[in-house]
Amino acid sequence: MRVLLLSDIHSNIEALEACLSAAPAYDLVMNLGDVVGYGANPNEAVQRSRELGGYIVRGNHDKAVAGLIDLGEFNPLAGMAALWTRNKLTAENLQWLRQLPQGPIQIPGLSDTQFVHGSPVDEDQYLVTSIDALESLLAVPMPVTFFGHSHVQGAFSSNPAENGSLRPIYASVGRAESVDWALEEGTHYLVNPGSVGQPRDGDWRAGFAIFDSQTKTVKFLRVPYDLKTAQERIVAANLPPRLATRLAIGR
Ligand code: ZN
């Protein structure tokens, strides 16, 4: 089974369409949450996610926009964008966000693998450092977990020879590229496919991944997208300008 892994789209429809155009063949879509928040096209991002089918876990922005958590838990920038998004969404799309399941979830027929937004132990936890990842790697019996939330493409592994963490190395910052990475038997992994709509690893290109459960390979991908249009729409929507400028630097 080949699973297309999308995470943290954040209402960036230009980035989502670029990923879908560039995606190699896949059997189903797994969406790791934060479909909305920050970007200017929440209805389009929700609509496209719904059309793609497959599976999805809710993210913290999905919860905040849907009114399931207090916006006081958000920084002012994120809170403002969440309120703007809530007003912008159709009633139907808002209802769709509200019913998204909490992770971890599993896909029938795909053993040893689970999907979460933050971490396997807490849907809102950020896994940024190897130390953050250690608890989940040690405590969770599931060998492979795919997660999002941090907007940083890469993986953590229980194999000390891999030094605990892995970031795909790309040759450029301007064109479409991919990096294949083979999972080893007997090692536990936490894998982040990257953020489609708001990368924070210093690379502005949209990030996503494909997991092939037969070959046990993760293909990390980065693709350029129409950044200018995404930025212009944020500014035209009167969202904070910082939400537009950060997209260009991938932070
Ligand atoms: Zn996010």
Side-chain angles (χ1 to χ4, degrees), residues 5-16 18-19 29-42 44-46 48-49 55-71 73-86 88-89 93 96-98 100-105 115-120 122-129 132-133 145-155 190-209 220 222 225 230 234 239-240 242-251:
L5 296 152
L6 302 171
S7 190
D8 298 278
I9 296 165
H10 284 292
S11 302
N12 187 338
I13 193 66
E14 287 78 19
L16 176 57
C19 293
V29 175
M30 179 72 227
N31 186 325
L32 300 176
D34 278 4
V35 177
V36 298
Y38 296 133
N41 289 86
E44 291 81 356
V46 167
R48 201 71 170 101
S49 298
Y55 297 85
I56 179 164
V57 292
R58 68 185 186 185
N60 53 319
H61 285 258
D62 304 322
K63 283 194 292 181
V65 168
L68 298 175
I69 53 169
D70 185 2
L71 285 181
E73 293 174 30
F74 268 32
N75 69 57
L77 210 58
M80 226 185 296
L83 271 181
W84 180 91
T85 303
R86 188 185 294 167
K88 192 84 181 168
L89 280 175
N93 286 338
W96 180 80
L97 276 186
R98 207 167 277 140
L100 294 178
Q102 176 179 357
I105 67 167
F115 304 88
V116 304
H117 181 65
S119 93
D122 177 350
E123 63 174 340
D124 294 332
Q125 184 190 3
Y126 284 95
L127 299 179
V128 178
T129 68
D132 299 335
T145 301
F146 289 96
F147 71 100
H149 197 37
S150 67
H151 300 209
V152 176
Q153 192 177 49
L190 298 159
V191 183
N192 189 329
S195 169
V196 170
Q198 196 199 72
R200 293 180 196 160
D201 47 13
D203 185 337
W204 70 278
R205 295 172 294 180
F208 67 109
F220 292 107
R222 292 309 270 256
Y225 69 95
I234 287 171
L239 282 159
R242 159 105 177 95
L243 295 177
T245 52
R246 72 185 300 176
L247 292 179
I249 51 170
R251 293 287 173 201

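Heavy atoms only: backbone and side chains are in, while hydrogens, waters and symmetry mates are out. All ligand and atom numbering here is 1-based and tracks the order in the structure. As the structure is a computational prediction, the values presented were derived from the model and not from experiment.
Taking all atoms of both residues into account, the shortest heavy-atom contact from L97 to D62 is CD2-OD1, 3.7 Å.
With a cut-off of 2.8 Å, the protein N/O/S atoms near the Zn ion (ligand 1) add up to 4.
Looking only at distances, a side-chain donor or acceptor of H10 sits under 3.5 Å from a matching main-chain atom of G37.
Residues Q153 and D203 fail the side-chain proximity criterion, which asks for heavy atoms closer than 4.5 Å.
Of the N and O atoms on the side chains of T129 and D132, at least one donor lies less than 3.5 Å from an acceptor on the other residue.
Salt bridge absent: R200 and D8 never bring a charged side-chain N and a carboxylate O closer than 4.0 Å.
Residues satisfying the ring-ring contact (aromatic ring centres under 6.0 Å, His included) criterion with F147, sequence neighbours excluded, are absent altogether.
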